There are 2 protein chains.
Amino acid sequence: MNNNNNNNNNSNSDSPLFGQIVAFTAAVHQVASDITKDVKSGTLTPVQYKILEYIAVSQPVTLSEISECMHMSMPNTSRELKKLTEKQLCAKVTDPADRRKQGITLSPAGEQMMGEAFLTIGRRFEERIMHLSDEERREIGLALELLQRKVFY
Amino acid sequence: MNNNNNNNNNSNSDSPLFGQIVAFTAAVHQVASDITKDVKSGTLTPVQYKILEYIAVSQPVTLSEISECMHMSMPNTSRELKKLTEKQLCAKVTDPADRRKQGITLSPAGEQMMGEAFLTIGRRFEERIMHLSDEERREIGLALELLQRKVFY
DNA sequence: CTCTTTACTTATCATTTGATAACAAAATCC
DNA sequence: GGATTTTGTTATCAAATGATAAGTAAAGAG
């Protein structure tokens, strides 16, 4: 009865791309979540793992950068980073040029942990694209480049 | 030549695609997070919003489906859904064919809330791709389709 | 009809995360 | 040199989320 207008409100008829992007984004999230499932050590909280991931890719980083990029407040960032440091997974080095700033890097143990995590992720990804030919991979590379440049910048 | 098709176990990131995918995935997450920032009503927790989003796209859904898809336990799913129902944002309808199951849909208020959210998201997305030509959009559509079919399935 | 399984609920507790106030040290501004 | 801004810390509190145990009602199996 009051089943009013049809659902499938996935779009916005302005842009047919929009619906496609929504579905695509959901798929990317889904796959990313599948592929990274259980890679993190049990002693890490999800946020802590994310932080390590970010440090691993962007090191050295400052606390403020982590804070901004991960959308968390400085106090909370500081707290989590302290825990990571206590777990010996990362190290803070005071910038000699500006001694307020701290360059944060992974410790050797942190490097190893994240190295293993990325290896697992890489293996799972390889499985997923195992069956693809060189030509297909080339196309995928181009598609990724295109989307990143024009949409996900 | 070191071609794919054989499963080389020492895989990790000798696939140049892997690094590209990592960066791409990060970019997608970043943009998605930017674009959906603050679209949710202040009365919703992040998880509750995610659930509503899922219901909106997939309704009607059962509790178990939400539970599985969102990676949360049945008790917790039940709790959050109860809160959403109390907030009048969704409705449970017992399946007459199997009265254990509950089809969950958005209530009119829920439809409206999510409709507005999607509209905002759509507008922000439009801004982002505003400057693109028809030809570019067509290419993007193709790229999305390719990636979704071959990588993010 | 009893036994088991499925789908979900309720209650409870621990942990994680978010938010805010108050502080400190180094750099920068004037 | 004193005020201000930047960068980070510590402490505390509230809320959100996760985990688990125990229960209910309906469906299905034998």
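Throughout, protein chains are lettered first and strands after them, A, B, ... in sequence-line order, and every chain is numbered starting at 1. Predicted, not measured: the structure shown is a model, and the values here were computed from it.
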| said: Does atom CD (B:E136) have a neighbourhood of more than 12 heavy atoms from anything else shown, all under 6.0 Å? | reply: yes
Hey, what are the protein-to-nucleotides 6-8 of chain C N/O distances that come in under 3.5 Å?
| residue | atom | partner | partner atom | Å |
| --- | --- | --- | --- | --- |
| C:dT6 | O4' | B:R100 | NH1 | 3.4 |
| C:dT6 | O2 | B:R100 | NH1 | 3.1 |
| C:dA7 | O3' | B:R100 | O | 3.4 |
| C:dC8 | OP1 | B:Q102 | N | 3.1 |
| C:dC8 | OP2 | B:S64 | N | 2.9 |
| C:dC8 | OP2 | B:S64 | OG | 2.0 |

| said: Do B:R123 and B:F118 form a cation-pi contact, if we require the NZ or CZ to be under 6.0 Å from the six-membered ring centre and within 45 degrees of the ring's axis? | reply: no
| task | Keeping to residues at least two apart or across chains, list the salt bridge (Lys or Arg N to Asp or Glu O under 4.0 Å) pairs with something in residues 31-41 of chain A. | result | none
| task | Could you tell me, to 10°, how much the axis swings from one end of the helix from C:dC1-D:dG30 to C:dC30-D:dG1 to the other, five pairs per end? | result | 30°
| task | Round to the nearest Å and state the distance from B:Y49 atom OH to D:dA16 atom C1'. | result | 18 Å
| remark: In whole angstroms, the gap separating C1' of D:dA16 from NZ of B:K50 amounts to 16 Å
| task | Encode nucleotides 12-19 of chain C as B, S and - characters from 5' to 3', where the letter depends on protein heavy atoms closer than 4.0 Å: B to the base, S only to sugar-phosphate, - to neither. | result | B---SBBB
| query | So, B:R138 and B:E135, do they make that salt bridge, N to O below 4.0 Å? | reply | yes
Ignoring hydrogens and angles, write down the donor-acceptor pairs under 3.5 Å from the side chains of residues 19-29 of chain B, residues two or more places apart or on other chains.
| residue | atom | partner | partner atom | Å |
| --- | --- | --- | --- | --- |
| B:Q20 | NE2 | A:G141 | O | 2.9 |
| B:T25 | OG1 | B:I21 | O | 2.7 |
| B:H29 | ND1 | B:T25 | O | 3.0 |

| said: If the threshold is 4.0 Å, N to carboxylate O, is there a salt bridge linking B:R124 and B:E127? | reply: no
| request: Applying ring-ring contact (aromatic ring centres under 6.0 Å, His included), name anything that partners B:F125, two or more places apart in sequence or on another chain. | output: A:F18
| message | Quick check: do A:Q102 and A:T62 have side-chain heavy atoms less than 4.5 Å from each other? | response | no
| said: Under 4.0 Å between a side-chain nitrogen and a carboxylate oxygen: does that hold for B:E53 and B:K50? | reply: yes
| In terms of heavy-atom contacts, does CD of B:E145 have more than 12 from other residues, nucleotides or ligands at under 6.0 Å? | yes
